[in-house]
Amino acid sequence: MARGGPLIIASNRGPVGFRRGSAGAIEASRGAGGLVTALRALVDGNDVTWVASAMGEVEREIAGSGRRTEESASGSAFSLRLVAHDAEVYRRFYGVIANPVLWFVQHGLWDLKQDPGADLGPAWREGYVEANRTLAAAVVEELDRLPDAPVFVQDYHLYLVPALVRAARPEARIAHFTHIPRVGPDAWAVLPRDIGAAIHEGLLACDSVGFHTEQWRSAFVDCCGTLLGRGADAERVSHANPIAVDAEEFDALAAGDGVRERRDALAAGRPEILVLRVDRADPSKNAVRGFEAFGRLLERAPALHGRVGLLALLDPSREEIPEYVDYRAAIERAADEVNERFARPDWTPVSLVVRDDFLASIAAYLEYDVLLVNPVMDGLNLVAKEAPLVNDRDGVLVLSREAGAFEELAEWVVPVDPLDVEGQAAALERAIGVAGAERRSWLDGIRRHVRMHDMDAWADRELRELDARAPRQGAGATMQP
Ligand code: G6P
């Protein structure tokens, strides 16, 4: 993508996180989350300025000292501009609107019994709108320094940034990518109409709007039609382009010492058949039904007792939000329940680890026989692409039909419906029984696809879509796809 050219990326979470280490010095670490994982690859080979929110005290401190130069995993430099928000603005933006409201609505998790409460209007105006304004102002300042740079705005936290940047710099070239599912107008109708309208107007201020799948794109077009009477505009600016995985990075990590040590430890205590799940501890990931399904599997297949184990590696997520606290407790109860029913002195059927340890996830990717990915809804699901890439045991992927990645990988997986617990138990049994040659050819199929549709291809497509609709000055027709 625009190799070497300047590029401004704006997202809520930055590509690296900062915290204070035990010796008191500030340490940088890999930013968490699917979006950041995927987009870090863009930093290599591009002159990137990344605008992101400062999260936590250490980052707020850093934000005060302006733009700083950071290094990507492979050593290329990029500029990072962290933006500090007022703490209460940020709480309302992230902890009230972006996650409990937008994330839940867009994953079909909004509960109509739930009262959005008197807090919704103020949280929208004084939280979401305000935080978007602050980030948009920082983007505009960066554009003044880099007037030719295209602006790539990321995800559901920043739906209003494109319109705010457009108002300040009408000539800017702006793209947005939504990394989570899109739902149709009926699902958005639970929110006050002005909120839905502002979100869709915000996106229509872009030259190019991207989604992982055709299904999410057409839901967006329907919403723009119903809420704004602008279905044709939405059709014109939008495209589907499923995000990819940095295969080289995973190859290198899988061969590294950190993974080797963790893999050795895992291999020493693993069951004969290892079923794995790796997720953030998020209600959309459907871990509770996954444990229930595993319990049903043990009920229907006594021959597997003592031989099979489910390892769930869950990354703690959004722990300041009450719905996440409750869901985490439900996860722990569901795992305990299976163990209470089936464990024997020599065998614990479910191992649940809730910890942020990315290298341990990769070690487990190498070792699984069956990978369970059963989200209620998921924009894409990167685990479904990452894990098969490095797996060493001809592992079989059991994949939800509601994950965006299903559109790409369907022919090489055992499909499941996320609310059908009995069906998931049957799918696990089927996956365990898939014969050797078929296991290998499914895994190879996924790998070929993931390696061919890599991050470069994703990023090049994003730039081509932008160039096609908003040509660079002087680039003219040569940039048409
Ligand atoms: C997941 C989603 C991304 C989203 C991110 C935010 O990884 O796939 O679309 O941007 O969560 O996570 P955070 O931890 O910043 O709330």
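Every number for a ligand or one of its atoms is a count from 1 in the order of the listing. Positions are given from 1, in the same order as the sequence printed here.
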Engineer: Which of the atoms of ligand 1 are close to H179, meaning less than 4.0 Å from one of its heavy atoms?
Structural biologist: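 Atoms satisfying the 4.0 Å criterion: 9 (O).
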
Engineer: Identify, by atom number and element, the atoms of ligand 1 in contact range of Y94, meaning under 4.0 Å from any of its heavy atoms.
Structural biologist: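 Counting atoms of ligand 1 from 1, those under 4.0 Å from Y94 are 13 (P), 14 (O), 15 (O), 16 (O).
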
Engineer: Need the ligand 1 atom indices (1-based, order shown) with element for anything under 4.0 Å from a heavy-atom of I180.
Structural biologist: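 Going through ligand 1 atom by atom, the ones under 4.0 Å from I180 are 9 (O).
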
Engineer: Under the rule for salt bridge (charged side-chain N to carboxylate O under 4.0 Å, His left out), what residues qualify as partners of E59, not counting sequence neighbours?
Structural biologist: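 E59: no salt bridge (charged side-chain N to carboxylate O under 4.0 Å, His left out) contacts found.
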
Engineer: Regarding R68 and the six-membered ring of F18, is the cationic atom NZ or CZ under 6.0 Å from the ring centre and inside 45° of its axis?
Structural biologist: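 The answer is yes; both the distance and angle limits are met.
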
Engineer: May I ask you to check if ligand 1 and N12 share an N or O to N or O distance below 3.5 Å?
Structural biologist: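 N12 vs ligand 1: no N/O contact under 3.5 Å.
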
Engineer: Picking from F93, Y156, Y90, what satisfies ring-ring contact (aromatic ring centres under 6.0 Å, His included) with Y128?
Structural biologist: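 When F93, Y156, Y90 are each tested with Y128, the ring-ring contact (aromatic ring centres under 6.0 Å, His included) holds only for F93.
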
Engineer: Which of the listed options, D279, D155, I321, holds the heavy atom that is closest to atom 4 (C) of ligand 1?
Structural biologist: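 Heavy atom nearest to atom 4 (C) of ligand 1 belongs to D155.
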
Engineer: May I ask you to decide whether E235 forms a salt bridge with R217, counting only side-chain N to carboxylate O separations under 4.0 Å?
Structural biologist: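 Salt bridge present between E235 and R217.
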
Engineer: Evaluate the ring planes of F220 and F211, with Trp represented by its six-membered ring, and classify them as parallel (under 30°), tilted (30 to 60°) or perpendicular (over 60°).
Structural biologist: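 Tilted.
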
Engineer: For A240, is there any backbone N or O sitting under 3.5 Å from a side-chain donor or acceptor partner on H212?
Structural biologist: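 The answer is no, because no donor-acceptor pair under 3.5 Å joins these two groups.
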
Engineer: May I ask you to check if ligand 1 and R318 share an N or O to N or O distance below 3.5 Å?
Structural biologist: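 There is such a contact, yes.
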
Engineer: With respect to R13, determine whether any N or O atom, backbone or side chain, lies less than 3.5 Å from an N or O atom of ligand 1.
Structural biologist: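 By distance alone, the answer is yes.
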
Engineer: Is ligand 1 less than 4.0 angstrom away from at least one heavy atom of Q154?
Structural biologist: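 In this structure, Q154 fails to qualify as a contact of ligand 1 - no heavy atom is under 4.0 Å.
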
